[in-house]
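Below: one structure, written as structure tokens.
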There are 2 protein chains.
Amino acid sequence: MSLDIDSALQLRRNQSLTSIIRHELEQMIERGELSAGERLNENALAARLGVSRGPIREACRGLEQSGLVNVVVNRGVFIRALDGREAAELYEIRAALYGLAGRLLAPIVTDEQVAILSGYVAEMDAAMAAGDLNSFYPGNLRFHEAIVEFGGNGRLAAECAAIHREMHLLRRRTLDMPGRMTTSNDEHRAILERIAARDAVGAEAALEEHVLISRSALFGPLGHYPDT
Amino acid sequence: MSLDIDSALQLRRNQSLTSIIRHELEQMIERGELSAGERLNENALAARLGVSRGPIREACRGLEQSGLVNVVVNRGVFIRALDGREAAELYEIRAALYGLAGRLLAPIVTDEQVAILSGYVAEMDAAMAAGDLNSFYPGNLRFHEAIVEFGGNGRLAAECAAIHREMHLLRRRTLDMPGRMTTSNDEHRAILERIAARDAVGAEAALEEHVLISRSALFGPLGHYPDT
DNA sequence: GGATCTTAAACTGTTGACAATCAGCAAAAG
DNA sequence: CTTTTGCTGATTGTCAACAGTTTAAGATCC
């Protein structure tokens, strides 16, 4: 019984099975338990989670709209596989959105928020010193989340989170590359510096560049992508 | 050799009731037949469309994820009402995305594409001369759609279309304001000029400004939004 | 008359069953 | 030996019924 759906049911107050299942599936995709291209068997999922197929189908429609799965009529839902072109496109969009987040945040950032962001960078420095990717990754995630949260545009934060979920499989691969951790944290420091200086244009540029460098780490310096 | 997902996607026919209903509901919202805050009655919809509640519920889950409706547990799905804050946030995101589209398009635009965009501007000029909003609006839509399409980032185009759908009720209101048509087309001409000059930075700036001016028309020059 | 409790209707959440469709396999045809 | 055809089990699409919740009207009490 790898899945604690029962405890989720106990915690459930005003949530429907559909939303619980959707959240569960999102996490399974994020944890890599469901790999790209894999098909979701509605009956098996229903049996495993102890519910009927209705809520599962509803959850899958939500996942489809948020880009995590593909639904093929009469054949089922498949964990979406990001090909090179789509991933490159997502990186471009992500760069623009994070750039916007930085531009919004820089003029209004508080000293407390700067301190929090500094804390994340320090966390990542520590993880880097220990060569520990598993510690580096959450710090990295919180750093970016905080920037969009503090920016004050809630919808932008939601949109960035959605894109992040969608790119999850790719992103880990990128950060896994040797030397990527240190480079990445240098960039984080530069971003933080521009934000702390209340430099909107500089923060925007630093964040855009940061995302595009991640893309380069995946596709090569020219932004090429595999033709698959 | 078994079919893989890609070929399955090619075989896909969007003929499930769920997708048909979702499309139908999207159009009803776009046409204003369903007004903001209104509740969707599953039984009534099922009877009217001649289907059972299952596909309708699935369609609503997709609509929820794309931001067109809110789902409240045990109370139903409601056509989403964009309050001032959310609309302002969407405008900011839209400005960034259209800016990106312009930056992508300018370096790679073909003469044929410039001609097509010119045609749309001319269409809008004609509509403007006739004072005909109903002709101006589709031209405006096609102009913006074409820019993101020609930019070559398919996902960006999809994302812009989704935001457009979500803002549909608001946008019409904006364009309805006296004098907005002419101002708007002057901006279109400026955008086109920067694109035709293959000026990425200029096109980006012109498109961003264009969207933010639309926002100002709705919220006032300082970007304030009603506190509802 | 107004507020509160009671109760029934309406509605949503969930389920199990039935129908339609698909992948795989085996036998028949060339 | 290869291709085609026709099954068969598995899986998805859809539906109708049941269960739990919300809403609203009516009754009761102050």
Side-chain angles (χ1 to χ4, degrees), chain A residues 3-25 28-29 34-35 37-65 68-81, chain B residues 1-25 28 34-35 37-65 68-80:
Chain A
L3 214 61
D4 48 353
I5 187 70
D6 293 325
S7 61
L9 277 172
Q10 284 183 342
L11 287 178
R12 136 169 133 129
R13 283 285 180 271
N14 282 332
Q15 283 195 327
S16 63
L17 284 183
T18 297
S19 60
I20 294 174
I21 292 167
R22 189 176 64 205
H23 191 249
E24 197 64 38
L25 289 175
M28 287 169 80
I29 294 174
L34 299 171
S35 47
E38 193 175 338
R39 191 179 115 261
L40 289 182
N41 186 317
E42 293 180 1
N43 280 316
L45 256 179
R48 180 169 164 198
L49 300 179
V51 299
S52 71
R53 283 172 50 220
I56 287 181
R57 286 179 61 84
E58 290 181 21
C60 286
R61 296 311 155 132
L63 263 51
E64 176 189 24
Q65 200 62 31
L68 266 59
V69 302
N70 278 327
V71 175
V72 184
V73 183
N74 281 323
R75 299 211 27 213
V77 313
F78 300 83
I79 306 299
R80 183 140 168 266
Chain B
M1 173 176 172
S2 62
L3 290 174
D4 61 1
I5 296 169
D6 289 332
S7 55
L9 273 171
Q10 289 180 342
L11 291 177
R12 174 181 184 178
R13 302 278 186 278
N14 258 7
Q15 53 186 4
S16 74
L17 284 183
T18 297
S19 59
I20 295 172
I21 292 167
R22 189 175 64 203
H23 193 248
E24 195 64 36
L25 288 174
M28 287 168 78
L34 299 172
S35 48
E38 193 176 337
R39 190 180 119 258
L40 290 181
N41 186 318
E42 293 180 1
N43 279 316
L45 258 178
R48 180 172 158 197
L49 299 178
V51 299
S52 72
R53 285 173 49 218
I56 288 181
R57 287 179 60 85
E58 290 181 21
C60 286
R61 261 34 200 233
L63 261 53
E64 177 190 23
Q65 200 61 33
L68 265 58
V69 303
N70 277 327
V71 175
V72 183
V73 188
N74 280 323
R75 297 203 37 207
V77 313
F78 300 83
I79 306 299
R80 182 138 168 266

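Every chain is numbered from 1 and lettered A, B, ... according to where its sequence line falls, protein lines coming before strand lines.
Taking both residues in full, the closest heavy atoms of A/Pro55 and A/Ile21 are given as CB-CD1, 3.9 Å, listed atom of the first, atom of the second, then distance. Closest non-hydrogen pair, B/Asn70 versus B/Arg80, comes out as OD1-CD, 3.5 Å.
Within 4.0 Å (heavy atoms only), A/Ile56 reaches no atom of the nucleic acid at all. A/Gly54 comes within 4.0 angstrom of a nucleotide base, judged by non-hydrogen atoms across all strands.
In this structure, A/Arg22 atom CZ and C/dT14 atom P are separated by 13 Å, rounded to whole Å. Between B/Glu58 atom CD and C/dT12 atom P there is a gap of 16 Å when expressed in whole angstrom units. When rounded to the nearest whole Å, the span between CG of A/Leu17 and C1' of D/dT21 equals 15 Å. One atom, CG of A/Leu45, and another, C1' of D/dT12, lie 14 Å apart when rounded to the nearest Å. Whole-Å rounding puts the A/Asn43 CG to C/dA17 P distance at 12 Å. At whole-Å resolution of the value, CD in A/Gln15 and C1' in C/dT14 are 16 Å apart. In this structure, the CD atom of A/Glu38 is 14 Å from the P atom of D/dT11, given to the nearest Å. Counting to the nearest Å, the P atom of C/dG13 and the CG atom of B/Leu40 are 12 Å from each other.
By the side chain to side chain contact (heavy atoms under 4.5 Å, CB included) test, B/Asn41 pairs with B/Arg39, B/Asn43, B/Ala44, sequence neighbours left out.
Annotation: the span from A/Cys60 atom SG to B/Glu58 atom CD amounts to 9.0 Å, rounded to 0.5 Å.
Of the charged side-chain nitrogens involved, at least one lies within less than 4.0 Å of a carboxylate oxygen, so that B/Glu64 and A/Arg22 count as a salt-bridged pair.
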- Message: Determine whether B/Ile56 and B/Leu40 satisfy the following criterion, side chain to side chain contact (heavy atoms under 4.5 Å, CB included), listing intermediate values before the conclusion.
- Response: CA-CA 10 Å; B/Ile56 288 181; B/Leu40 290 181; over 6 Å; no
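Out of C/dT12, D/dT12, D/dC15, the shortest distance to the side chain of A/Arg57 is found at D/dT12. Side-chain atoms of B/Glu42 lie closest to C/dG13 of the nucleotides D/dT12, C/dT14, C/dG13.
At least one side-chain nitrogen or oxygen of B/Asn41 sits closer than 4.0 Å to the OP1 or OP2 atom of C/dC11.
Proximity of A/Leu34 to A/Val69: side-chain heavy atoms (C-beta onward) are nowhere separated by under 4.5 Å.
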What does the list of N/O pairs under 3.5 Å between the protein and nucleotides 18-22 of chain C look like, with a distance for each?
residue: C/dT21; atom: O3'; partner: A/Asn74; partner atom: ND2; Å: 3.3

